[in-house]
Amino acid sequence: LKLDEAAADYWKFQEAIEFNKTLVISSVIEGFGNLPSGAWARSPDNALVIPVNAAQSKVSALLIVGLNPHRPLDEKYSSFFQLIADQLGSSLANVHAYEEARKRAEALVEIDRAKTAFFNNISHEFRTPLTLMLGPLEELLAGDTSAFSTKQRADLETTLRNANRLLKLVNTLLDFSRIEAKKAQAQYFPVDLANVTTDLAGSFRSAIEHAGMKLEVDCRPLTETAYVDRDMWEKIVLNLLSNAFKYTLKGSISVSLREENNKAVLKVKDTGIGIPAEELPHMFERFHRVKQSGGRSFEGTGIGLSLVRELVLLHEGTITVESEAGKGSTFTVS
Ligand code: ADP
């Protein structure tokens, strides 16, 4: 707002703001004629210009009050006006604080949205070149490799394994950003959960037995049809199983499915390294990893379990973990 310069001069605004000081303006009748007077007939002739401080010693408004012509401006009278100004100041401070908080919240939402869009775009862009690298690599290793030395072959295999790992990561990020952008629509179809889960668990059998461990699968048919998104269920089961395999060096891994209180309950249990009690509350946080050794590999990003949790939530389900360090862990999805 641009103030009329003459008015600003008249009320000595600049002085009041600069020195943050209450000023008395006299002879206002001369400038404005008679002013509203209240209970008595005489118009005020003097006025106060009082700086209103919202934040500490920062003038955010000026309060102008006409003075009662029948009262001297003593300390009591001026402190009455100061009280009004202070009250206004603290109300203004509240308003500012509220506005700031709202702006911060809006900025955070905006950053989050931008980040999701960025993840989404970049994961897409990463996938194409990765796929184009993987194809020839796989072909190379599947064909006649007699021309390669052992070292060359091992290098190629490392490259292939890591390119695959990268692709998996990119896909997980893409899943994540879809969920965050609320673009992930679960497609609920009637699924024979016991059968599907048994099949999924079976795909780990050779790896688990190869490592000298046992795989126990016990999935009982449910009395009612379960409606789930098959792809998502697959991701849930495979993620939990691959963690169990990754963090278990001996013993067994068991997968079970039961009906409990009208819910399908999946348990993936291992006899692995377990999780320290203080880590349990953070297991489903994104990028959270437990700082401990003893797993089968150190590869990982801490994104698998939080994705599983999001997928479970899309099905209105719950996921919990019980574990004891050194003894093993059980993940339960209802
Ligand atoms: P990642 O395995 O890529 O690090 P996850 O989100 O799948 O990410 O797991 C997060 C962390 O939880 C892992 O780093 C690991 O320390 C711990 N964890 C997950 N599953 C198990 C398990 N079955 N036994 C022991 N620790 C586990």
Side-chain angles (χ1 to χ4, degrees), residues 119 123 126 130 161-180 184 197 200-201 203-205 207-219 231-257 265-315 317-334:
F119 266 144
S123 329
F126 279 173
L130 265 174
R161 199 174 62 244
N162 281 288
N164 265 319
R165 204 184 133 208
L166 196 54
L167 183 63
K168 226 180 93 193
L169 253 174
V170 166
N171 282 336
T172 309
L173 275 178
L174 197 58
D175 282 344
F176 234 122
S177 58
R178 281 214 194 98
I179 289 175
E180 293 227 314
T197 311
L200 289 172
S203 66
F204 267 79
R205 183 170 300 279
I208 291 173
E209 287 175 354
H210 222 80
M213 299 192 297
K214 238 170 79 185
L215 172 69
E216 290 154 0
V217 184
D218 179 12
C219 299
D231 281 348
M232 293 186 183
W233 182 254
E234 195 173 305
K235 280 176 190 151
I236 293 170
V237 177
L238 293 183
N239 261 298
L240 292 178
L241 257 169
S242 73
N243 274 349
F245 181 59
K246 208 156 101 183
Y247 299 107
T248 306
L249 294 181
K250 60 180 196 296
S252 63
I253 292 171
S254 50
V255 178
S256 72
L257 187 81
V265 178
L266 167 80
K267 279 187 196 286
V268 179
K269 188 170 173 212
D270 65 58
T271 56
I273 61 171
I275 301 157
E278 70 273 14
E279 294 283 354
L280 287 176
H282 307 290
M283 293 308 292
F284 303 103
E285 285 166 17
R286 204 182 319 175
F287 303 124
H288 185 81
R289 307 200 65 215
V290 181
K291 284 171 216 72
Q292 62 177 344
S293 53
R296 197 169 295 282
S297 84
F298 297 102
E299 295 176 358
T301 50
I303 204 171
L305 282 179
S306 48
L307 176 67
V308 168
R309 193 182 90 100
E310 296 292 335
L311 296 174
V312 169
L313 287 180
L314 280 178
H315 287 79
T318 56
I319 179 164
T320 54
V321 56
E322 284 163 85
S323 182
E324 205 179 318
K327 294 234 165 105
S329 318
T330 306
F331 285 83
T332 306
V333 174
S334 296

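As the structure lists them, so they are numbered: ligands from 1, and atoms in each ligand from 1. Only a predicted model underlies this, so the values are computations on that prediction, with no experimental measurement involved.
Within 6.0 Å of CD on E216 lie more than 12 heavy atoms contributed by other residues, nucleotides or ligands.
Ring-plane geometry between F204 and F245 is classed as perpendicular, the angle between the planes exceeding 60 degrees on a 0 to 90 degree scale with a lower cut at 30.
At a heavy-atom cutoff of 4.0 Å, ligand 1 is contacted by the side chain of M283 but not by its backbone. Looking at D270 against ligand 1, only its side chain comes within 4.0 Å, counting heavy atoms. Of all the heavy atoms of L305, the ones lying under 4.0 Å from any atom of ligand 1 are found in both the backbone and the side chain.
Panel note: side chain S323, backbone G328; a donor-acceptor pair is recorded below 3.5 Å. The backbone N or O of I253 lies less than 3.5 Å from no partner atom in the side chain of D270, so there is not a single donor-acceptor pair. A donor-acceptor contact shorter than 3.5 Å links the side chain of H315 to the backbone of L311. T271 places a side-chain N or O within 3.5 Å of a backbone atom of S252 that can act as its donor or acceptor partner.
At least one heavy atom of K246 sits closer than 4.0 Å to an atom of ligand 1. Using a 4.0 angstrom heavy-atom cutoff, F284 does not count as in contact with ligand 1. Using a 4.0 Å heavy-atom cutoff, S329 is listed among the residues neighbouring ligand 1.
Among T172, N239, N243, the residue whose heavy atom lies nearest to atom 20 (N) of ligand 1 is N243. Proximity annotation for atom 10 (C) of ligand 1: of E285, K168, R309, H288, H288 comes nearest, heavy atoms only.
Side chains of V290 and Y247 form no contact here, defined as non-hydrogen atoms less than 4.5 Å apart.
Close contacts between ligand 1 and V290 involve ligand atoms 14 (O), 16 (O), 17 (C) [criterion: under 4.0 Å to a heavy atom]. Residue G274 has at least one heavy-atom neighbour below 4.0 Å for each of these atoms of ligand 1: 25 (C). The I303 neighbourhood of ligand 1 comprises atoms 6 (O), 8 (O), with distances under 4.0 Å to a heavy atom of that residue.
For the residue pair K235 and V308, the shortest heavy atom distance occurs at O-CG2, 4.4 Å. Annotation for L200 and S203: closest pair O-OG, 2.6 Å, computed over non-hydrogen atoms.
Distances between N or O atoms of G304 and those of ligand 1 include at least one value under 3.5 Å. Of the polar atoms of S306, none of the N or O atoms is found under 3.5 Å from an N or O of ligand 1, judged by distance alone.
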